[in-house]
Chemist: 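Right, I'll just put the structure down here and ask away after.
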Amino acid sequence: MDPILKTENLTIRFGGHTAVSSVNFEMPARQLKSIIGPNGAGKTTFFNLLSGELKPSEGEVYFKGQPITSMSAVARTRLGLGRSFQITNVFPNLTVLENVRLAVQSKEKIRYQMIRHFVHYNNLMDEAEKLIELVLLQGRELAIASQLSHGEKRKLEIAMLLALDTEVLLLDEPTAGMSLEEVPAILDVIRKIKATGEKTILLIEHKMDMILDLSDSIMVLFNGKLLADGSPKEIMDNETVQNAYLGGLYDDNTVES
Ligand SMILES: Nc1ncnc2c1ncn2[C@@H]1O[C@H](COP(=O)(O)OP(=O)(O)O)[C@@H](O)[C@H]1O
Ligand SMILES: [Mg+2]
């Protein structure tokens, strides 16, 4: 099957520094691929290039075979490529339910470019409620966003990303800054999204146990280069990966912000 996302020779330089370097990558549809690599490896920059926040110095990004390299982030979202902080913004003084409802509404606007698309308020609310349940925030609908715990905030962000209803989800360290007790719930949320079988998920994470639990495949970035891409077993057994990265990883289970 053709990959849903593909890059060719994807490269970006900041001044003299090559943050992403000639990356050729293919993402099969409806799978979950984790991206690992040390801090500064270029993982977030790679996401920014996929989502359209950044334009590459060289190379191309393809979505379902179509080059999207020159498309804006909004146009990419409309096509089906979603990044959590893109478009949606959490309003700190609104409730969980209101935030998710607004995100559902913004999808309609993005999708139909505000052309008289009639969406009943109750339908928006129903959809928002479903998403809140999916991310395990039920019971917290009326909580004010600014008063959520860190873990709850990440769940809200995921609900708002899901509200955009994109086929591809880019999740950049969804457990960053969380307390250890909050991590299993996020793992459950991602597992549930994966179990719907409808989404293609790219996940940047540091927690190896979580990555091994969720991933169909893992790609390793190192100094902006794609070091390896394969099944979890292939990556764990890969000597280059072990030497470059995995060796020190198990000692480092710290939560990053
Ligand atoms: N907008 C930018 N301008 C200059 N340098 C940047 C910019 N974004 C990222 N970088 C640099 O690119 C490298 C990769 O960063 P990043 O993609 O954030 O790494 P990761 O997410 O893997 O930790 C780092 O050296 C970082 O300092
Ligand atoms: Mg990063």
Side-chain angles (χ1 to χ4, degrees), residues 5-25 27 32-61 68-74 76 81-86 88 90 150-151 153-154 157-158 161 168-178 182-183 186-187 190 201-212 214-215 217-230 232 235 238 240-257:
L5 255 184
K6 190 174 116 167
T7 67
E8 267 175 16
N9 189 34
L10 197 67
T11 301
I12 188 165
R13 296 182 201 94
F14 298 116
H17 178 68
T18 309
V20 172
S21 181
S22 304
V23 171
N24 294 301
F25 134 98
M27 181 68 214
L32 189 147
K33 190 192 285 293
S34 292
I35 304 179
I36 62 173
N39 278 329
K43 302 180 299 293
T44 297
T45 305
F46 182 65
F47 265 21
N48 287 335
L49 289 167
L50 295 178
S51 66
E53 258 82 33
L54 288 172
K55 294 286 186 292
S57 310
E58 279 167 45
E60 294 282 349
V61 182
I68 58 168
T69 321
S70 58
M71 266 185 199
S72 70
V74 173
R76 291 183 202 199
L81 193 53
R83 171 98 192 257
S84 60
F85 61 75
Q86 202 171 310
T88 55
V90 177
H150 203 93
K153 276 185 190 146
R154 302 315 297 260
E157 283 167 18
I158 294 174
L161 171 60
V168 179
L169 303 173
L170 305 178
L171 301 173
D172 192 348
E173 299 193 40
T175 67
M178 269 183 195
E182 291 180 303
V183 172
I186 290 292
L187 188 63
I190 298 172
I201 304 170
L202 267 165
L203 172 69
I204 297 174
E205 252 303 333
H206 283 284
K207 298 188 175 56
M208 278 312 288
D209 46 353
M210 179 167 161
I211 291 163
L212 293 173
L214 288 168
S215 305
S217 62
I218 299 174
M219 67 182 255
V220 186
L221 279 179
F222 197 77
N223 287 334
K225 292 203 171 66
L226 181 61
L227 203 63
D229 187 349
I235 295 300
N238 183 311
T240 316
V241 175
Q242 281 176 7
N243 292 337
Y245 176 54
L246 286 174
L249 196 68
Y250 284 104
D251 310 329
D252 177 13
N253 215 12
T254 49
V255 176
E256 297 188 45
S257 55

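Just follow the structure's listing: the first ligand is 1, and inside any ligand the first atom is 1.
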Chemist: Does the protein put a heavy atom under 4.0 Å from atom 12 (O) of ligand 1?
Modeler: yes
Chemist: Please determine if Phe14 has a nitrogen or oxygen closer than 3.5 Å to a nitrogen or oxygen of ligand 1.
Modeler: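 No - when backbone and side-chain N and O of Phe14 are compared with those of ligand 1, no distance drops under 3.5 Å.
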Chemist: Mark yes or no for whether His150, through its side chain, and Ala176, through its backbone, hold a donor-acceptor pair below 3.5 Å.
Modeler: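 Side chain of His150 to backbone of Ala176, a donor-acceptor pair under 3.5 Å: yes, one is there.
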Chemist: Assess the residue pair Glu60 and Lys6 against the criterion (salt bridge (charged side-chain N to carboxylate O under 4.0 Å, His left out)); give the C-alpha distance rounded to whole Å, side-chain angles, the decisive distance to 0.1 Å, and a yes or no.
Modeler: CA-CA 8 Å; Glu60 294 282 349; Lys6 190 174 116 167; over 6 Å; no
Chemist: Rounded to the nearest 0.5 Å, how far does OG of Ser34 lie from CG of Leu214?
Modeler: 6.5 Å
Chemist: Give the residue and atom name of whichever protein heavy atom lies nearest to atom 25 (O) of ligand 1, and the separation in Å to one decimal.
Modeler: His17 NE2, 3.4 Å
Chemist: What protein heavy atom sits nearest atom 15 (O) of ligand 1, and how far off is it?
Modeler: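 Atom 15 (O) of ligand 1 sits closest to the protein heavy atom Thr45 OG1, 3.7 Å.
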Chemist: Would Leu227 and Asn238 satisfy side chain to side chain contact (heavy atoms under 4.5 Å, CB included), going step by step from the backbone distance to the final call?
Modeler: CA-CA 10 Å; Leu227 203 63; Asn238 183 311; over 6 Å; no
Chemist: Taking only non-hydrogen atoms of Gly40, do any sit less than 4.0 angstrom from ligand 1?
Modeler: yes
Chemist: Any N/O/S atom, side chain or main chain, of Thr45 closer to the Mg ion (ligand 2) than 2.8 Å?
Modeler: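 No, outside the cut-off.
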Chemist: What about Ala41: any of its N or O atoms under 3.5 Å from an N or O on ligand 1?
Modeler: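 Yes, at least one N or O pair falls under 3.5 Å.
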Chemist: Nearest non-hydrogen contact with atom 19 (O) of ligand 1 belongs to which option: Gly15, Gly42, Ala19?
Modeler: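 The nearest heavy atom belongs to Gly42.
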Chemist: For Lys153, is the NZ atom crowded, meaning more than 12 foreign heavy atoms sit under 6.0 Å from it?
Modeler: yes
Chemist: Starting at NZ of Lys33, measure out to CG of Leu5 and round the result to the nearest 0.5 Å.
Modeler: 10.5 Å
Chemist: What are the atoms of ligand 1, with element, lying closer than 4.0 Å to any heavy atom of Thr44?
Modeler: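 Going through ligand 1 atom by atom, the ones under 4.0 Å from Thr44 are 17 (O), 18 (O), 20 (P), 21 (O).
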Chemist: Just which atoms of ligand 1 are under 4.0 Å from any heavy atom in Asn39?
Modeler: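 Answer for ligand 1: 23 (O).
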Chemist: Which value, rounded to the nearest 0.5 Å, describes the distance between Glu205 atom CD and Ile218 atom CD1?
Modeler: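 One gets 11.5 Å once the value is rounded to the nearest 0.5 Å.
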